[in-house]
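Report on the following structure.
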Amino acid sequence: MGIVLKQTFFNTIITYLGFAMGAVNALFLYTNFITDEYYGLVGVVLSTSAILMPLMAFGVQNTLVKYYSSFDKKDSFLTLMVLLPLIVIIPLGLFAFFGNSIIAEFLSKKNVIVKDYVWHIFFIGLSMAYFEVFYAWARVQLKSIFGNFMKEVFVRLGVTILLFSVYFKIISVDVFMNALVGLYLLRTLIMKVHAYLLKKPKLDFNFPTNTREIVIYSALIILGGSAAVILLEIDKFMINQYIEIENVAYYAVAVHIATVIIAPSRAMHQITYPMTAELLNDNNLVGLKALYQKSSLTLYIVAGLVFLMIILNLNDLYQMIPSEYRGGFIVVLLIGLIKLYDSFLGCNNAILFNSEYYRAVLWLGAFLAAMTILFNIWLIPEFGMEGAAMASFLAVFIYNTCKLAYVKAKFNMWPFTLETFKVTGLILLVGALFFSLQFNFHPLVNILLKLFLMTTMYVGILYRFKISEDVFGVLHKFLGRKNS
């Protein structure tokens, strides 16, 4: 786990830096510098772009990771990977050009403001797709830190600058929306240059002999990528279709708070994904099981602490943002539980999508994505944004449980060990002790004080009882003590 821990450490710092910047943007700058209507518009544009991204990438980011290590001569394979997304992007671009008015009418049937932003959605989706391709190009070289910085920090930093520019009336909100497209395109260009510096490209149109297999895998993996994104993003898109767009802004704030929980998982997966692919290619099931269980336990420990930090400080946090954004406790709780469950899975997704069983899981994902849409259609008109959170919770809970069972059935391994149950007990204990604890200071002071107390207790128990070897080792080194 040496290389995993090293890159995960730096990636976690970068990811949390990005989330901190995103939190400032989402909770304070967006909510105070632009209207909730335009904030909702940003959420709709980015969510719709994210939904298009797996389709426009044609699954290449996963295909590149799965097959890269199996080639001795890689130029023809990499050439194929760069060209494959055009199979979808070109027809989609033509459809957006000739069917612009139809698309605009569909997106704006409830909220007219969305009507003029079809091309914003297309170009952001395109840039997201190719960014993931070049990021995967870097990850297969086991170089994930710069790409993670570009993924987590670059756009958020740019958004911060743009929002201040709006606040000081240097630019208008319309210019902000155009500049947002430019940020995503610039990020993709920088990532492309970085990827090519790591592995210099050499065009080779003599494609691999198993090109048909690769293309079929890529086409099928779109189902999995689309299902995952739909589970995450369809709620904001569908809120726009059923209720006022301002609710997208309120929902986005609550979701952003809860999404912080998944940051360690996103950081670790940048390096465990290619490692999982290599273990599967080598048929090393012993190493795979060890990686599965260690990644699950480590992520569950960290995500559990972050979950407690958020839920137990939410009332104080809401006191620091405009009143219209404060009604999302149920949304934060439900989305937070989803993210905690996602973290518990460890490298489960990497195992499934890099194994010979990926087809069945892709179809399962597509089915559950359809369920998510149906849940949203049912629950949003009835319960508003809380209905969107309920829909996401139900769909993801079913999806994750099915994936756990499938890995057990095919590989005979679970992610959990005895230590997993100890961590669950620790989370419940700390949650119960601190749930009713309230201070009467400024909300920020209350948050910092409670964070210090609960983190000290949580980490202290972890260290005292050595619940995780990896976490204990990191804490032991950090505390400067000799190994016992």
Side-chain angles (χ1 to χ4, degrees), residues 25 30 34-60 85-133 155 158-159 162-163 166 171-189 222 225-252 255 369 372-373 376-377 380 388:
N25 291 341
Y30 272 121
I34 64 175
T35 65
D36 50 5
E37 183 182 34
Y38 269 101
Y39 188 4
L41 174 64
V42 172
V44 172
V45 168
L46 295 182
S47 293
T48 310
S49 300
I51 292 169
L52 288 176
M53 183 275 290
L55 181 65
M56 299 175 87
F58 202 72
V60 163
L86 298 178
I87 294 175
V88 173
I89 289 172
I90 292 174
L92 203 58
L94 292 173
F95 176 67
F97 181 78
F98 291 107
N100 188 278
S101 60
I102 298 173
I103 299 170
E105 288 296 328
F106 172 73
L107 293 175
S108 61
K109 66 179 183 179
K110 182 68 179 179
N111 298 290
V112 178
I113 193 174
V114 184
K115 189 173 185 178
D116 297 327
Y117 293 91
V118 173
W119 283 112
H120 292 68
I121 292 169
F122 176 81
F123 282 114
I124 292 177
L126 183 150
S127 63
M128 286 178 172
Y130 263 111
F131 174 83
E132 292 297 334
V133 172
V155 170
V159 167
L162 291 175
L163 285 170
V166 172
I171 63 174
S172 66
V173 179
D174 287 333
V175 173
F176 171 86
M177 295 300 298
N178 293 332
L180 194 62
V181 178
L183 270 178
Y184 278 93
L185 291 171
L186 179 60
R187 181 184 70 160
T188 301
L189 179 61
I222 293 172
S226 297
V229 172
I230 285 173
L231 289 170
L232 292 173
E233 302 289 349
I234 197 67
D235 40 17
K236 291 188 280 292
F237 172 81
M238 295 192 71
I239 287 172
N240 171 65
Q241 298 299 104
Y242 287 101
I243 55 180
E244 290 72 19
I245 200 169
E246 291 87 345
N247 288 279
V248 178
Y250 310 149
Y251 186 80
V255 168
T372 306
I373 296 172
N376 275 287
I377 292 172
I380 290 176

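Hydrogens, waters and symmetry mates play no part in the numbers below; they use all other heavy atoms, side chains included.
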- request: May I ask you to decide if A249's main-chain N or O and D36's side chain share a donor-acceptor pair within less than 3.5 Å?
  value: no
task: Under the side-chain contact (heavy atoms from CB on, under 4.5 Å) rule, collect the residues that match up with F106, sequence neighbours excluded.
output: F237, Q241
task: Only counting residues at least two apart or in another chain, list the ones meeting ring pair (Phe, Tyr, Trp, His ring centres under 6.0 Å) with F123.
output: W119
message: Tell me every residue that passes side chain to side chain donor-acceptor pair (under 3.5 Å) with S47, counting only those two or more places apart in sequence or in another chain.
response: E233
field: Rounded distance (nearest 0.5 Å) linking atom CD1 of I103 with atom CZ of F122
entry: 9.5 Å
- request: For A50 and P54, work out which heavy atoms get closest and say how close.
  value: O-CD, 3.2 Å
- prompt: With sequence neighbours excluded, what pairs up with I102 under the side-chain contact (heavy atoms from CB on, under 4.5 Å) test?
  reply: none
- request: Apply side chain to side chain contact (heavy atoms under 4.5 Å, CB included) to the pair Y39 and V248, showing each step before the final yes or no.
  value: CA-CA 8 Å; Y39 188 4; V248 178; over 6 Å; no
task: Please list, chain by chain and in numerical order, all residues satisfying side-chain contact (heavy atoms from CB on, under 4.5 Å) with L52, sequence neighbours excluded.
output: M56, L92, I121
- prompt: Residues two or more places apart in sequence or in another chain: which of them pass side-chain contact (heavy atoms from CB on, under 4.5 Å) with L189?
  reply: none
message: The criterion is ring pair (Phe, Tyr, Trp, His ring centres under 6.0 Å); which residues satisfy it with F58, sequence neighbours excluded?
response: none
task: Hey, could you give me the CD1/CE distance between I34 and M177, rounded to the nearest 0.5 Å?
output: 8.0 Å
query: If you take all heavy atoms of V44 and K236, which pair is closest and at what distance?
result: CG2-O, 4.3 Å
message: Please report the interatomic distance CG(L86) to CG(L126), rounded to the nearest 0.5 Å.
response: 8.5 Å
- request: Name all residues meeting the side chain to side chain donor-acceptor pair (under 3.5 Å) criterion together with Y117; count only those two or more places apart in sequence or in a different chain, and write none if there are none.
  value: D174
query: Which heavy atom in L180 sits nearest to a heavy atom in V159, and how many Å separate them?
result: CD1-CG2, 3.7 Å
- prompt: Going by the salt bridge (charged side-chain N to carboxylate O under 4.0 Å, His left out) test, which pairs reach into residues 98-118, not counting sequence neighbours?
  reply: E105-K115
statement: So CD1 of I234 and CD1 of I51: to nearest 0.5 Å the spacing works out to 4.0 Å
Nearest non-hydrogen partners of D235 and A388, listed with the distance: CB-CB, 3.8 Å
task: Spell out, as yes or no, whether a donor-acceptor pair under 3.5 Å connects the side chain of N247 to the backbone of I239.
output: no
statement: Sorted by chain and number, sequence neighbours left out, side chain to side chain donor-acceptor pair (under 3.5 Å) with Y130 holds for none
- line: Rounded to the nearest 0.5 Å, the CG atom of L46 sits from the CE atom of M53 at a distance of 12.5 Å
field: Under 3.5 Å: donor-acceptor pair, side chain of S127, backbone of I124
entry: yes
query: How far does CZ of F176 sit from CG of L41, to the nearest 0.5 angstrom?
result: 9.5 Å
query: Given side chains that start at C-beta, do those of Y38 and T35 come closer than 4.5 Å, heavy atoms only?
result: yes
- request: Decide yes or no for V133 and P85: does some side-chain heavy atom of the first lie under 4.5 Å from some side-chain heavy atom of the second?
  value: yes
message: Treating N111 as the side-chain partner and E244 as the backbone partner, does any N or O pair qualify as donor plus acceptor under 3.5 Å?
response: no
task: With sequence neighbours excluded, tell me which residues meet side chain to side chain donor-acceptor pair (under 3.5 Å) with Y30.
output: none
